[in-house]
**Student:** 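Got a structure for you, questions after.
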Amino acid sequence: MTKKIIYQCIDAGSDYCPCYLAETNDCITCYHLQGKEFCDCSWRGVCIFQEYNWNGKRAKIARENFSAKIVDKKIIGDNLIIFKMAVTKTFARHLKQPGSYIFIRDINKPDYFHTPMSIMYADDVKGEIHVAIQIIGTKTKSLLSIEDEIMVRGPYWNGVLGIKGLKTLKNSNVLIIARGIALAPAVNILRYLVRNNNKITLIMDKGKFSETFIEDYIDESRILTIEADIISEKGKLIIKELIRNNHYDLCFSGGSDPQHDAIKRFLDQLSPHTKYVITNNKEICCGEGICGSCSMKVGDKTVKACKTQMNTSYIFEKGEE
Ligand code: FES
């Protein structure tokens, strides 16, 4: 018997649900809003179909752009910027969730310059968020000259896949492995896990940067940190030995797809019970499930990775495109 894969929309039950996908019978979670006659959804929150009807059979108001003040800008080496920006406390609170991201662009550039950026740190007391940006292409190069204000759209949450296991984890043992720019989302994740009293081992790899830029954001008295080049043979050995000798309940991989695959193989071999959470590396363009640039094949279905959550074992077992 084939297992039923449960696809859950990250926005289900949020202020942004139902969205435009409901209007075209493409809702990720609700069977009725996929044009079916029956309900077989596994969503346990407020009924999305009912919300849609109460809202006059229309999508709720979508996320809007706003201009945020730059509080601080730090350039590290020749390919990394950290922006600290002032936002409302509510907006910052929404972005404390693991996997949160926003779209940013120069306020003088057109909308298609918007680029998704993971939240590294969100302070809902001060009303401040921090993002780290790797300068690679046209969109990110255009952010270099920004000094005072930046255009922001958000909040978005699907920056990591397998989030359910992470959000419910308490008093457990966690291995976090992050390389390069994926150190930024790892900070938001590990701060969340520390709040839930989890014990964390963090393997940091600076990747193509001149330094690991997250020291100011982690409390080393609560986290065991190891610096390593994780794609070297020595780095792989460190990961394998840690997995072999510790009972990790969850492992997070922040980095490229080959990195995710390699760590998945180590886990399958040495600790198959460990839940696996990974950064979402799909090309996110609209973030709203509309444009299709983030599409990926899971089982026999094409899903929009910018909004869809599922157990990561399906991504590896069923063969992602
Ligand atoms: S980024 Fe446009 S559909 Fe996912």
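Whatever order the structure lists them in is the order used to number ligands and atoms, beginning at 1.
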**Student:** Please write down residue, atom name and distance for the protein heavy atom closest to atom 4 (Fe) of ligand 1.
**Tutor:** Cys294 SG, 2.2 Å
**Student:** Is there a ring pair (Phe, Tyr, Trp, His ring centres under 6.0 Å) between His130 and Tyr217? Walk through the geometry before answering.
**Tutor:** CA-CA 10 Å; His130 301 185; Tyr217 294 90; 5.5 Å; yes
**Student:** Check each atom of ligand 1 against the heavy atoms of Cys285 and keep those under 4.0 Å away; list them by number with element.
**Tutor:**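 Atoms satisfying the 4.0 Å criterion: 1 (S).
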**Student:** Do you reckon Ile226 sits in the same ILVMFWY cluster as Ile239, going by side-chain contacts under 4.5 Å, direct or chained?
**Tutor:**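 Same cluster.
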**Student:** Can you sort out which atoms of ligand 1 are near Cys306, meaning under 4.0 Å from one of its heavy atoms?
**Tutor:**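 Checking each atom against Cys306, I get 1 (S), 3 (S), 4 (Fe).
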**Student:** Using a 3.5 Å distance criterion without hydrogens, assess whether the side chain of Asn173 forms a donor-acceptor pair with backbone atoms of Leu250.
**Tutor:** no
**Student:** When the ring centroid of Phe66 is compared with that of Phe91, is the distance short of 6.0 Å?
**Tutor:**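 They qualify: ring centres under 6.0 Å apart.
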**Student:** Show me which atoms of ligand 1 lie under 4.0 Å from any heavy atom of Cys291.
**Tutor:** 1 (S), 2 (Fe), 3 (S)
**Student:** Taking the six-membered ring of Phe213 as reference, does the cationic atom of Lys206 (NZ for Lys, CZ for Arg) lie under 6.0 Å from its centre and within 45° of its axis?
**Tutor:**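 Judged by the rule (NZ or CZ under 6.0 Å from the ring centre, within 45° of its axis), Lys206 is not positioned above Phe213.
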**Student:** For ligand 1, which atoms have a heavy atom of Gly292 less than 4.0 angstrom away?
**Tutor:** 2 (Fe), 3 (S)
